[in-house]
> 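The structure that follows is given in the form of structure tokens.
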Amino acid sequence: IRAASLSEQRSPRPGREGATHHGEGRPDCCGVTLASANLHNSLAAAKQVQYQGRSLGRDQFYRTQFNEAGVHVLGIQEGGSKLASTFNTPVFLRFVAGPAGTGSKQGDVELWVNLKRCWARQGKRQLRPKASDFTVAFKSQRALYVTLRSSWIGIDFLVVHASHSWPQRG
């Protein structure tokens with residue numbers, strides 16, 4: 001999915017009809033690429049990718065795919081995490097929902113964010129979100145809701161495992 005928006009506004013000053021200015025702190029243009037992955041389906045591919053004679057591994061496989069495809073945000077299902085956590089590196093921010101309740105052994109959904117890729121431009125300046133711009137609003141074993149709020153962008157991300165995997169009620 002590729003989304004783009006312009007934040008131009010009409011100038012209210014007399015004599016400047018038709019002129020435009022950009023809202024303070026808002027980008028001239030913004031483009032965010034979203035992707036999703038099912039770990040169960042892609043784990044076999046990750047094991048086949050070799051680096052210096054060894055399997056690349058899941059996390060490195062996704063990081064490589066992230067960069068090559070130009071993805072800003074990646075939602076993962078069937079992540080198989082053992083505990084809920086947030087990993088913050090200079091390049092990637094990773095939210096892991098983890099298991100829910102006492103009967104669950106593994107978490108299911110994750111959200112990965114590329115903090116180094118340009119998300120928007122304001123003149124010649126490249127804009128990127130900071131880790132502090134993100135908040136986990138809700139997490140459970142099969143759903144993760146994360147908000148991004150900064151002076152120049154606001155996006156809500158919802159990562160949910162397919163509903164056929166949810167417990168059925170009476």
Side-chain angles (χ1 to χ4, degrees), residues 1-3 5 27 30-52 54-120 126-170:
I1 299 171
R2 186 123 177 111
S5 64
C30 181
V32 178
T33 304
L34 309 172
S36 64
N38 182 312
L39 179 65
H40 182 72
N41 294 338
S42 58
L43 192 55
K47 288 180 179 178
Q48 291 179 11
V49 175
Q50 298 289 311
Y51 177 73
Q52 296 180 350
R54 293 177 47 164
S55 172
L56 195 57
R58 176 191 95 133
D59 292 354
Q60 186 59 42
F61 177 74
Y62 281 128
R63 284 192 290 269
T64 301
Q65 295 290 313
F66 225 139
N67 285 325
E68 290 176 1
V71 173
H72 294 86
V73 179
L74 175 66
I76 295 177
Q77 71 176 22
E78 297 190 21
S81 58
K82 302 285 189 230
L83 55 108
S85 57
T86 299
F87 300 94
N88 185 358
T89 70
V91 178
F92 296 101
L93 181 60
R94 180 176 159 204
F95 300 98
V96 180
T102 57
S104 304
K105 294 183 180 177
Q106 293 185 357
D108 190 54
V109 294
E110 300 181 18
L111 183 73
W112 291 34
V113 179
N114 190 323
L115 297 174
K116 287 296 182 190
R117 186 165 305 283
C118 175
W119 286 48
Q126 294 185 354
L127 301 175
R128 297 168 182 82
K130 300 179 299 251
S132 60
D133 295 334
F134 292 87
T135 303
V136 175
F138 174 81
K139 65 181 172 186
S140 69
Q141 184 175 4
R142 289 185 168 82
L144 178 62
Y145 179 55
V146 178
T147 63
L148 163 58
R149 298 291 183 270
S150 75
S151 62
W152 58 273
I153 194 168
I155 302 177
D156 295 334
F157 300 101
L158 179 62
V159 184
V160 180
H161 193 123
S163 60
H164 71 273
S165 70
W166 296 4
Q168 300 300 315
R169 295 185 187 200

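What you see is a predicted model, and the numbers here were worked out from it, not measured in a lab.
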> Are R94 and T89 packed together at the side-chain level, in the sense that at least one heavy-atom pair is separated by less than 4.5 angstrom?
no
> Looking at OH of Y145 and OG1 of T135, how far apart are the two atoms once the value is rounded to the nearest 0.5 Å?
10.5 Å
> Can you name the closest pair of heavy atoms from A120 and P27 and give their distance?
CB-CB, 3.6 Å
> Between D108 and K139, is there a side-chain N and carboxylate O pair less than 4.0 Å apart?
no
> I need the minimum non-hydrogen distance between P90 and L115, along with the two atoms involved.
O-CB, 4.3 Å
> If we only count heavy atoms from C-beta on, is the L93 to T86 side-chain gap below 4.5 Å?
yes
> Which heavy atom in K116 sits nearest to a heavy atom in R128, and how many Å separate them?
O-NE, 2.5 Å
> Counting N and O atoms only, with roles assigned by atom type, does the side chain of R149 sit under 3.5 Å from a partner on the main chain of I155, one being a donor and the other an acceptor?
yes
> Write down the atom of T33, the atom of V71, and the distance for their closest heavy-atom approach.
O-CG1, 3.8 Å
> Roughly how far, to the nearest 0.5 Å, is CH2 of W112 from CZ of F87?
9.5 Å
> So which heavy atom on V109 is nearest to which on S140, and how close?
CG2-O, 4.3 Å
> Give, for atom CG of L74 and atom CZ of F92, the distance between the pair rounded to the nearest 0.5 Å.
9.5 Å
> Out of curiosity, S151 OG to D133 CG, how far, rounded to the nearest 0.5 Å?
8.0 Å
> Taking the six-membered ring for Trp, are F134 and W119 parallel (under 30°), tilted (30 to 60°) or perpendicular (over 60°)?
perpendicular
> If only atom types and distance count, is the side chain of R117 paired as donor or acceptor with the main-chain N or O of N67 below 3.5 Å?
yes
